[in-house]
Structure formats: structure tokens, C-alpha cells
Amino acid sequence: MRIVHVTDAYLPKRGGIEVQVSELARRQAEAGHEVSVVTRAPGPSGQDVVRVERAGQGLAPWHWVPAAQRVAALVEGAHADVVHCHLSVISPAAVIALRAASRADVPAVATYHSVLPRQPHRWLPLRRLPFPAARVDWTAVSQVAAASVERLLGPELEVNVLPNGLDLAAWTLPSLPRTTDEIVIAWVGRVTGRKRPLTAVRVLAQAQAAIDRGTSGTRLRLDMVGDGPWARAARLEAQRLGVASQVRWLGSTDHRGVAEVLSGADLFLATATAESFGIAAMEARACGLPVLARTGTGLAELIEDGVSGLLASDNDGLARAVVRLADRQLLHGIAAHNRAVPAPAGWSESLHRADLAYKRAAGLVGPGR
């Protein structure tokens, strides 16, 4: 099968969509498919296992119209069996590629990797797409993300779940030996407002204050991995709350660095409220760490409350969850479960769901596909 993935964001930048599309394309190519990636993101072109076409090469980031036109030309000339477009809140090239596939009668799959806002800009609603929405198989990485797309598509179109994949074996890691009695909380992500890094600092301060009012005397430490525009604000918040000495700012790192942090942690804190899936949290879950997350997110579909982690409806609830785990008995019980029971996010399921989406898409353009 000739598969063309289209994405506005791609490597060498490393984020959820970039890594997922790259890994999905690689695994499909290794399974025997002819796979290429078309993107407007800058970077090296060429072919290794997967051919990468850079439609935005030589263009400024804001010149998305000519880049999108180049994407359309590449899609129309690819003679693909299926075009798989990956979208976030704003993905003009992917939308143009869907239109190109529709015009060429090529089966098309759209996967949303983000939770769409309830009140987007006027031009964004999917009801105004420049092609018939019914000719696309719509998917999203979680139920909560699918529900946000359905609000815009309307009740007549179904959005199926095509979950992200995770290499579970790569994240099955031994715990590092500990030299202190601290409870170490890991937080991993891009330090942006959407990921709510200031909330992580506030949860640390609130949980430590609650522990100090008791008798355990447990000290908490927060290891924050990542970088971004909110990093300075998070540092200032830690100073304001008097917990700066309990936060380690580790900056951006690679897979090995994240693995080392997770191996030395006791639990993982996910603070985002608009989390469509939570790849970093599921990597921590695969490491055996209990995951603390918000209800109403994609993570809440993967974390069983009281079994593989704890779910909270607000920030106060996250702080109370940290305090609950600080007595260690519950923490050790959840950690033992997570080490024994694999996380529900393996690549086999993701690849299977992708195959089903491609078959549904073929049925939308005619029985001859």
C-alpha cells in the first residue's frame, strides 16, 4: 500500500505530533508499505526508511499559503492508496491535503492530535472545510479529542479513536537506587501555558504544606523536564511560594535523559487540562510510575483511578493526591501494578486502528479502492 502522511509539524522539532507521525510512518514502512511524509516544516529532505518531502523549504514560517499549495501538488502527484493527514488546532497544510485527496478520489484519513477549543476562531470550524467532510474518515487520538471534533463536525459524522503508539519495551526501566527519603515527582513537557507548568509548582507547594501540618515529615521534590516560554514564570512562582530549593530545573533532554529522570522518580504529575493523550505520562506509566492527572482529559481514559494512578477534578485534588501517595503504601501498590501490567498504549493497537481507518476511508470513495 502507498501511504502518504501529511503534517504541518515534523522532525527535527520533537513534539507529540512530530514523533508520532515519524514513528507511525517508520513502522508502516518496515511492515512492507511504501510510505512517505509530506510536511511544510523545515528540515532535511530525502529518504531513509521513509521518504520526506519538505513543501515549506525556503519559505518563512508565516508563508503557509504557498507551502500549503506545494503540499497539495505533492499529494496530487503521489498516486497514493491513502492520504493520512495529521492535525492540531491550526493545520492549514493538512486541510489543503485533505481537499487535494478528495478532488483526486483518494481515500483520506484525518487524525486530530489535540483537543479543539469550544469557541475557535470563526474561520476554523470544520463545517467550513473546502471539501465534503463525509468523504474523509475522521479520527482522534482519544475519546475526549474525538468529542471536541464531533462538536464542530456535527452529529451526522462519526469520529473514531486512533490512539498514539508507545514502544512499551523501551520504557520498561529499572528504578535507580535512592540515597534520600524524598518523594520525587516528575513533570515532563514543553513549558508552555497549555501544559500548565505553574500548576505543577503550586501543587508541590500545597502538598508540602499539607504534609508539614502532619507528622510524617516527608519532603517532596519536583523534577521538571522541558523548556519553553513559561520557564521563567515557573521559576519565579517557585521562589514566590518558597519551594525553589525543592524544584530541579532540568531543561530539554533526549530519550535517555527523560528515562533517567523517570527511573529516579516516585510518581508522575500531569497538570494539563486540555491533554488529548499524554505521551510523556504514558511513558512514565510504562516505567511503573503512578500517574496523577486531571479528569476530562485523554489521560483519564488510560489511567484507572486508584489502580494505575490517581485522577483529580481540580488542582486541589492533585495536591491531595500527592499527599495520599506520600504515605508510600498506596504509592508502592500502584507502582507494583504498573510494573506488572503493561500500559494500554502499545504500537500494535495503534497500527491496527490505522489499518481499520484506511479501510473505512476506502469505502467512502467507492468499492473499487
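Along the sequence shown, the residues carry numbers beginning at 1. Only a predicted model underlies this, so the values are computations on that prediction, with no experimental measurement involved. The figures that follow rest on heavy atoms only: side chains count, while hydrogens, waters and symmetry mates do not.
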**OP:** Kindly indicate whether the side chain of Trp171, heavy atoms from C-beta on, has any atom under 4.5 Å from the side chain of Leu166.
**Re:** yes

Subject >> Modelled atom types, side-chain donor and acceptor of His337 and Glu304, under 3.5 Å >> reply: no

Original post:
If you round to the nearest 0.5 Å, how far is NE2 of His86 from OH of Tyr10?
Top reply: 9.5 Å

**OP:** For the pair Gln208 (side chain) and Thr218 (backbone), establish whether a donor and an acceptor sit closer than 3.5 Å, ignoring hydrogens and angles.
**Re:** yes

Subject >> Partners passing side-chain hydrogen bond (donor to acceptor under 3.5 Å, both in side chains) against Thr111 (at least two apart in sequence or in another chain) >> reply: His84, Thr139

Subject >> Shared hydrophobic cluster for Tyr358 and Leu356 (ILVMFWY, side-chain gaps under 4.5 Å) >> reply: no

**OP:** Give a yes or no on whether the backbone of Ala293 and the side-chain of Thr297 come within a donor-acceptor separation of less than 3.5 Å.
**Re:** no

Original post:
Looking at Trp347 versus His352, is the centre-to-centre ring distance below 6.0 Å?
Top reply: no

**OP:** Examine distances only and state if a side-chain atom of Ser263 and a backbone atom of Ala259 form a donor-acceptor pair shorter than 3.5 Å.
**Re:** yes

Subject >> CD/Glu34: more than 12 non-hydrogen atoms of other groups inside 6.0 Å >> reply: no

Original post:
Are any of the side-chain nitrogens in Arg294 or Glu275 under 4.0 Å away from the carboxylate oxygens of its partner?
Top reply: no

Original post:
Rounded to the nearest 0.5 Å, how far does CG of Leu292 lie from CG of Leu311?
Top reply: 9.0 Å

Original post:
How about Leu364 and Asp137: do any of their side-chain heavy atoms sit closer than 4.5 Å?
Top reply: yes

**OP:** Indicate yes or no: does Asp223 engage Arg221 in a salt bridge with an N to O separation below 4.0 Å.
**Re:** yes

Original post:
To the nearest 0.5 Å, what is the distance between CZ (Phe268) and CE (Met282)?
Top reply: 10.5 Å

Original post:
How many angstroms lie between CH2 in Trp230 and CG in Leu236, if you round to the nearest 0.5 Å?
Top reply: 12.0 Å

Would you give me the side-chain donor-acceptor pairs under 3.5 Å for residues 184-194, sequence neighbours excluded?
unit_1	atom_1	unit_2	atom_2	d
Trp187	NE1	Thr271	OG1	3.0
Arg190	NH1	Asp227	O	3.2
Arg194	NH2	Ala274	O	3.4

Original post:
Are the side chain of Thr7 and the backbone of Ala9 linked by a donor-acceptor contact shorter than 3.5 Å?
Top reply: yes

Original post:
If you group Ile, Leu, Val, Met, Phe, Trp and Tyr by side-chain heavy-atom gaps below 4.5 Å, do Ile279 and Val258 land in one group?
Top reply: yes

Original post:
Do you reckon Val203 sits in the same ILVMFWY cluster as Val201, going by side-chain contacts under 4.5 Å, direct or chained?
Top reply: yes

Subject >> Gap separating the CG atom of Leu269 from the CG atom of Leu222, nearest 0.5 angstrom >> reply: 7.0 Å

Subject >> Chi angles and distances behind the salt bridge (Lys or Arg N to Asp or Glu O under 4.0 Å) call for Arg256, Glu260 >> reply: CA-CA 6 Å; Arg256 182 176 180 179; Glu260 184 175 346; 5.8 Å; no

Subject >> N-O pairing of Arg14 and Asp254 below 4.0 Å >> reply: no

**OP:** Indicate yes or no for a side-chain donor-acceptor contact from Ser142 to the backbone of Gly298 under 3.5 Å, with no hydrogens or angles considered.
**Re:** no

Subject >> Whether Asn160 side chain and Ala357 backbone form a donor-acceptor pair below 3.5 Å >> reply: no

Original post:
Does Ser102 reach the side chain of Arg99, with side-chain heavy atoms less than 4.5 Å apart?
Top reply: no

Original post:
Quick one: are Val291 and Ser308 in side-chain contact, heavy atoms under 4.5 Å?
Top reply: no

Original post:
Are the charged groups of Arg27 and Glu23 less than 4.0 angstrom apart, N to O?
Top reply: yes

Original post:
Does Glu53 come within less than 4.0 Å of Arg51, counting only side-chain N to carboxylate O?
Top reply: yes

**OP:** Indicate yes or no for a side-chain donor-acceptor contact from Ser276 to the backbone of Ala145 under 3.5 Å, with no hydrogens or angles considered.
**Re:** no

Original post:
Does Ser88 use its side chain to pair, donor to acceptor, with the backbone of Ile90 at less than 3.5 Å?
Top reply: no

Original post:
Side-chain contact, heavy-atom cut-off 4.5 Å: Arg324 with Leu310?
Top reply: yes

Subject >> Straight-line distance of Ile183 CD1 to Gln246 CD, nearest 0.5 Å >> reply: 12.5 Å

